[in-house]
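Taking it in order: structure first as structure tokens, then the write-up.
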Amino acid sequence: MIHEMQVAIFDLDGVIVDTAKYHFLAWKRLANSLGFDFSEADNERLKGVSRMRSLEILLEIGGLSLDDAAKARLTDQKNDWYVESISRLDRSEILPGATEYLQRLLGRGIKTAIGSASKNTPLILDRLGITQLFDVVIDGNSVSKAKPDPEVFLQAADALHIAPEYCVVFEDAEAGIEAARRAGMGSVGIGSPGTLKDADVVVAGLWQLVLLG
Ligand code: B16
Ligand code: MG
């Protein structure tokens, strides 16, 4: 049975704003400081992935193996550089159609939520000036299991007291689409149908949904 959407849950990076480029610059700077290079293609592997797991992938690329204390120092360093760049974010970096689509949903009485892996979510929403467009924000500060685990999306549904089958997740990463499926929610992939083949619907960006009305 197909249910009409009552809650729209949005991933942040890649759906509302493209912070991947700033993650990339910080990870590349870290790799370079460790004596190896890190390409944009490598960065694709980090999208939607938690901070510590991202470092582990980066170290794998550089052929390095470090203890937990050293890894914690490196993730802190990367995050300091990343926060430095996102502190300069402004509204012009909101992805096309995101604000319009959120306003449309709220006008129709549909609840909105953020379901992101990023611990920097509050800062990013604040810099973009869109915190008030979300009824609930669930992010890396409140979840213990990373996508494809459904925890982040289930917490959002729970906070809004709506059953998962009435929720739809908007995601740019395969792991996020898988998390939506495991949560028992519908999914809209943001990106290419080739990569997001398990999504119920795929669009190039939220602007396409604004066009459809
Ligand atoms: P932070 P999303 C994810 O955001 C990013 O795609 C991923 O590259 C990043 O490592 C992760 O957040 C954690 O971010 O280091 O800021 O806590 O796509 O889940 O909105
Ligand atoms: Mg994402």
Side-chain angles (χ1 to χ4, degrees), residues 8-31 38-61 71-87 89 93-95 98 102 112-128 130-131 134 136-156 169-180 183 187-192 195-196 198-199 202-206:
I9 307 177
F10 296 87
D11 173 54
L12 183 60
D13 175 27
V15 174
I16 303 290
V17 59
D18 179 18
T19 37
K21 56 180 182 254
Y22 301 117
H23 281 297
F24 170 64
L25 292 174
W27 285 126
K28 186 177 165 65
R29 188 168 169 189
L30 190 74
F38 180 72
S39 70
E40 284 201 60
D42 294 330
N43 193 54
E44 286 303 307
R45 293 177 62 192
L46 309 190
K47 288 190 178 171
V49 172
S50 75
R51 197 181 302 170
M52 185 50 83
R53 182 64 200 131
S54 296
L55 175 72
E56 285 163 3
I57 296 173
L58 184 110
L59 293 176
E60 225 174 272
I61 291 167
K71 287 202 277 191
R73 271 197 308 277
L74 292 179
T75 49
D76 283 353
Q77 173 66 83
K78 180 266 170 179
N79 193 55
D80 287 348
W81 288 330
Y82 175 66
V83 167
E84 209 177 290
S85 8
I86 59 169
S87 301
L89 276 180
E93 300 202 53
I94 300 175
L95 288 171
L102 282 158
T112 59
I114 282 282
S116 166
S118 176
K119 292 184 173 161
N120 293 299
T121 296
L123 170 64
I124 296 169
L125 294 179
D126 183 56
R127 290 299 311 152
L128 299 177
I130 54 170
T131 309
F134 299 96
V136 150
V137 173
I138 308 290
D139 60 30
N141 298 297
S142 55
V143 297
S144 53
K145 296 182 218 116
K147 303 167 191 175
D149 190 282
E151 185 188 11
V152 63
F153 299 142
L154 289 173
Q155 273 196 29
V169 170
F170 296 75
E171 251 293 348
D172 71 315
E174 269 181 286
I177 298 293
E178 169 67 7
S187 62
V188 177
I190 308 291
S192 85
T195 322
L196 302 168
D198 294 327
V202 179
V203 293
L206 294 175

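As the structure lists them, so they are numbered: ligands from 1, and atoms in each ligand from 1.
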**Prompt:** What residue and heavy atom of the protein are closest to atom 18 (O) of ligand 1, and at what distance?
**Reply:** D11 OD1, 3.0 Å
**Asked** Quick one: nearest non-hydrogen protein atom to atom 8 (O) of ligand 1, plus distance?
**Response** L46 O, 3.0 Å
**D172 N/O/S atom closer than 2.8 Å to the Mg ion (ligand 2)** = yes
**Request:** Specify the protein heavy atom at minimum distance from atom 4 (O) of ligand 1: its residue, its atom name, and the distance to 0.1 Å.
**Result:** D13 CB, 3.6 Å
**Prompt:** Among all protein non-hydrogen atoms, which one is nearest to atom 15 (O) of ligand 1, and what is the separation to 0.1 Å?
**Reply:** R51 NE, 2.7 Å
**Asked** Going through the checks in order, is the side chain to side chain contact (heavy atoms under 4.5 Å, CB included) test met by V188 and L206?
**Response** CA-CA 10 Å; V188 177; L206 294 175; over 6 Å; no
**Item:** For atom 19 (O) of ligand 1, the protein heavy atom that lies nearest, with its residue and separation
**Value:** A117 N, 2.8 Å
**Prompt:** Measuring from the heavy atoms of E171, does anything fall under 4.0 Å of ligand 1?
**Reply:** no
**Item:** Taking atom 20 (O) of ligand 1 as the reference point, the nearest protein heavy atom with its distance
**Value:** S116 OG, 2.7 Å
**Request:** Enumerate the atoms of ligand 1 whose separation from the nearest heavy atom of S54 is less than 4.0 angstrom.
**Result:** 10 (O)
**Message:** Testing the basics here: between N43 and A20, what is the closest heavy-atom pair and its distance to 0.1 Å?
**Reply:** ND2-O, 3.6 Å
**Message:** Taking V15's backbone N and O only, do any of them form a donor-acceptor pair with D172's side chain (distance below 3.5 Å, no angle check)?
**Reply:** no
**Request:** Could you tell me whether ligand 1 has any atom less than 4.0 Å away from a heavy atom of G14?
**Result:** no
**For L12, atoms of ligand 1 separated by under 4.0 Å from a heavy atom** = 20 (O)
**Prompt:** Which of the atoms in ligand 1, numbered in the order shown and given with their element, are less than 4.0 Å from a heavy-atom of K147?
**Reply:** 19 (O)
**Message:** Residue-level breakdown please: for K119 versus ligand 1, do any non-hydrogen atoms fall below 4.0 Å on the side chain, on the backbone, on both, or on neither?
**Reply:** both
**Asked** Should Y82 be counted as touching ligand 1, given the test is an N or O pair under 3.5 Å?
**Response** no
**Asked** Quick check: does G115 get an N/O under 3.5 Å from an N/O on ligand 1?
**Response** no
**Request:** Show which atoms of ligand 1 fall inside a sub-4.0 Å distance from at least one heavy-atom site of G48.
**Result:** 5 (C), 6 (O), 7 (C), 8 (O), 18 (O)
**D11 atom OD2 and D13 atom O as seen from the Mg ion (ligand 2), angle to 10 degrees** = 90°
**Message:** Before you tell me yes or no, could you show the steps for Y22 and Y82 under ring-ring contact (aromatic ring centres under 6.0 Å, His included), namely the whole-Å CA-CA distance, both residues' side-chain angles and the distance that decides it to 0.1 Å?
**Reply:** CA-CA 6 Å; Y22 301 117; Y82 175 66; 7.3 Å; no
**Close approach of A173 to ligand 1, heavy atoms, under 4.0 angstrom** = no
**Prompt:** Starting from atom 9 (C) of ligand 1, which protein heavy atom do you reach first, and at what distance in Å?
**Reply:** V49 O, 3.2 Å
**Asked** Does the side chain of D139 pick up a donor-acceptor pair with the side chain of S118 at under 3.5 Å?
**Response** no
**Charged N-O contact under 4.0 Å between E171 and K147** = yes
**Request:** Check whether any side-chain N or O of D42 sits under 3.5 Å from a backbone N or O of S39 as a donor-acceptor pair, and report yes or no.
**Result:** yes
**Message:** Can you name the atoms of ligand 1, numbered from 1 with element, that are less than 4.0 Å from a heavy atom of N120?
**Reply:** 1 (P), 16 (O)
**Asked** Are side-chain N/O atoms of H23 and K78 paired as donor and acceptor at under 3.5 Å?
**Response** yes
**Prompt:** Under 6.0 Å from the NZ atom of K119, do we count more than 12 heavy atoms belonging to anything else shown?
**Reply:** no
**Item:** Backbone N/O of K71 and side chain of T75: donor-acceptor pair under 3.5 Å
**Value:** yes
**Request:** Verify, without hydrogens or angle tests, whether Q77 (side chain) and L30 (backbone) share a donor-acceptor contact under 3.5 angstrom.
**Result:** no
**Request:** Check whether any side-chain N or O of Q155 sits under 3.5 Å from a backbone N or O of I138 as a donor-acceptor pair, and report yes or no.
**Result:** no
